[in-house]
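It should be emphasised that the depicted structure is a prediction, and the values quoted were computed from it without experimental measurement. Each chain gets a letter, A, B and so on, in the order the sequences are listed, and its residues count up from 1.
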Amino acid sequence: MKGSNFFNRVYEIVSQIPEGKVATYGQIAAMLGSPRAARIVGEAMRRTPEYLDIPCHRVISKDGTMAPGYAFGGEGKQREMLEKEGVIFKENGCVDMQRCLWRKPIMERDE
DNA sequence: AATTTGACAGCGA
DNA sequence: GTCGCTGCCAAAT
């Protein structure tokens with residue numbers, strides 16, 4: 001286990017995102033207790049250890065857009081897999097945040 | 001220990 | 001609607 005509590009926490013949260021749902025970097029950062037640490041979440045995603053099996057493709061920006069090409073081999077690719085999981089995409093190519101933005105169970109918030 | 005970087009977010013032009 | 005700068009926080013070098 002790495003002592004990197006922050007990254008570890010990000011991975012925990014991301015791994016909790018159900019299929020057909022997405023979360024934003026800022027959202028996750030807020031869960032960690034640092035609403036301004038969205039960039040750290042992004043960095044965590046970039047450094048996502050494969051063995052953790054983290055659905056980083058479900059983590060996108062608040063605009064419903066995702067990284068230009070630093071992910072999975074292409075935005076279109078990510079869009080396909082998200083769409084396949086049940087995430088709704090708008091005509092403009094962005095994720096329908098209103099429907100698919102994931103939120104942590106209220107009873108479980110133990111930040 | 002200090003500096004640079006970075007898959008963001010928010011506001012301004 | 002697109003491009004730009006700033007702010008914030010943690011990790012990597």
Q: Taking only the side-chain heavy atoms of A:M45 (C-beta and beyond), determine which of B:dA7, C:dA11, B:dA9 contains the nearest atom.
A: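 Within the option list, the nearest is B:dA7.
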Q: Rounded to whole angstrom units, what separation is found between the CD1 atom of A:I40 and the C1' atom of C:dA10?
A: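 Distance check: A:I40 CD1 to C:dA10 C1' gives 4 Å.
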Q: With a 4.0 Å cutoff (strictly under), does any side-chain N or O of A:K62 reach OP1 or OP2 of B:dC8?
A: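 No, no such contact exists.
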Q: Just how far, in rounded Å, is P of B:dA7 from CD1 of A:I17?
A: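 About 19 Å, once rounded to whole Å.
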Q: Is a salt bridge present between A:K21 and A:E85, judged by a nitrogen-to-oxygen distance below 4.0 Å?
A: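 Here A:K21 does not pair with A:E85 in a salt bridge, since their nearest N and O are not under 4.0 Å apart.
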Q: How many whole angstroms separate atom CZ of A:F7 from atom P of B:dG6?
A: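 Interatomic distance, CZ of A:F7 to P of B:dG6: 13 Å.
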Q: Rounded to the nearest Å, what distance is computed from the CD atom of residue A:E43 to the P atom of nucleotide C:dC8?
A: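 Rounding to the nearest Å, CD of A:E43 and P of C:dC8 are 18 Å apart.
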Q: Categorize A:A37 for me: base, sugar-phosphate, or nothing, with a 4.0 angstrom heavy-atom threshold over every strand shown.
A: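 Touches sugar-phosphate only.
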Q: What is the distance from OH of A:Y25 to P of C:dC8, rounded to the nearest Å?
A: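 The answer, rounded to whole Å, is 22 Å.
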Q: Would the distance check show the side chain of A:T65 and the main-chain N or O of A:S61 forming a donor-acceptor pair, the cut-off being under 3.5 Å?
A: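 Such a contact is absent between A:T65 side chain and A:S61 backbone.
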Q: Answer yes if A:M45 and A:V22 sit in the same cluster of Ile, Leu, Val, Met, Phe, Trp and Tyr residues linked by side chain heavy atoms under 4.5 Å apart, and no otherwise.
A: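 Different hydrophobic clusters.
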Q: Are A:R47 and C:dA11 close enough that a side-chain N or O sits under 4.0 Å from OP1 or OP2?
A: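 A:R47 to C:dA11 OP1/OP2: no side-chain N or O under 4.0 Å.
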Q: Measure OH/A:Y11 against C1'/C:dA10 and give the value in whole Å, please.
A: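 Interatomic distance, OH of A:Y11 to C1' of C:dA10: 12 Å.
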Q: Main chain of A:P49, side chain of A:Y11: is a donor-acceptor contact present, judged purely on distance under 3.5 Å?
A: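 Not at all, since once roles are kept as given, no pair shorter than 3.5 Å links the two residues.
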Q: Between A:D63 (CG) and B:dG10 (P), how many Å, whole number?
A: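 Those two atoms, CG and P, are 8 Å apart.
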Q: Considering heavy-atom distances to DNA chain C, does A:R39 or A:S34 have its closest nucleotide positioned more toward the 5' end?
A: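 It is A:R39, whose closest nucleotide lies nearer the 5' terminus.
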Q: Using atom CZ of A:R46 as one end and atom P of B:dA7 as the other, report the distance to the nearest whole Å.
A: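 Rounding to the nearest Å, CZ of A:R46 and P of B:dA7 are 5 Å apart.
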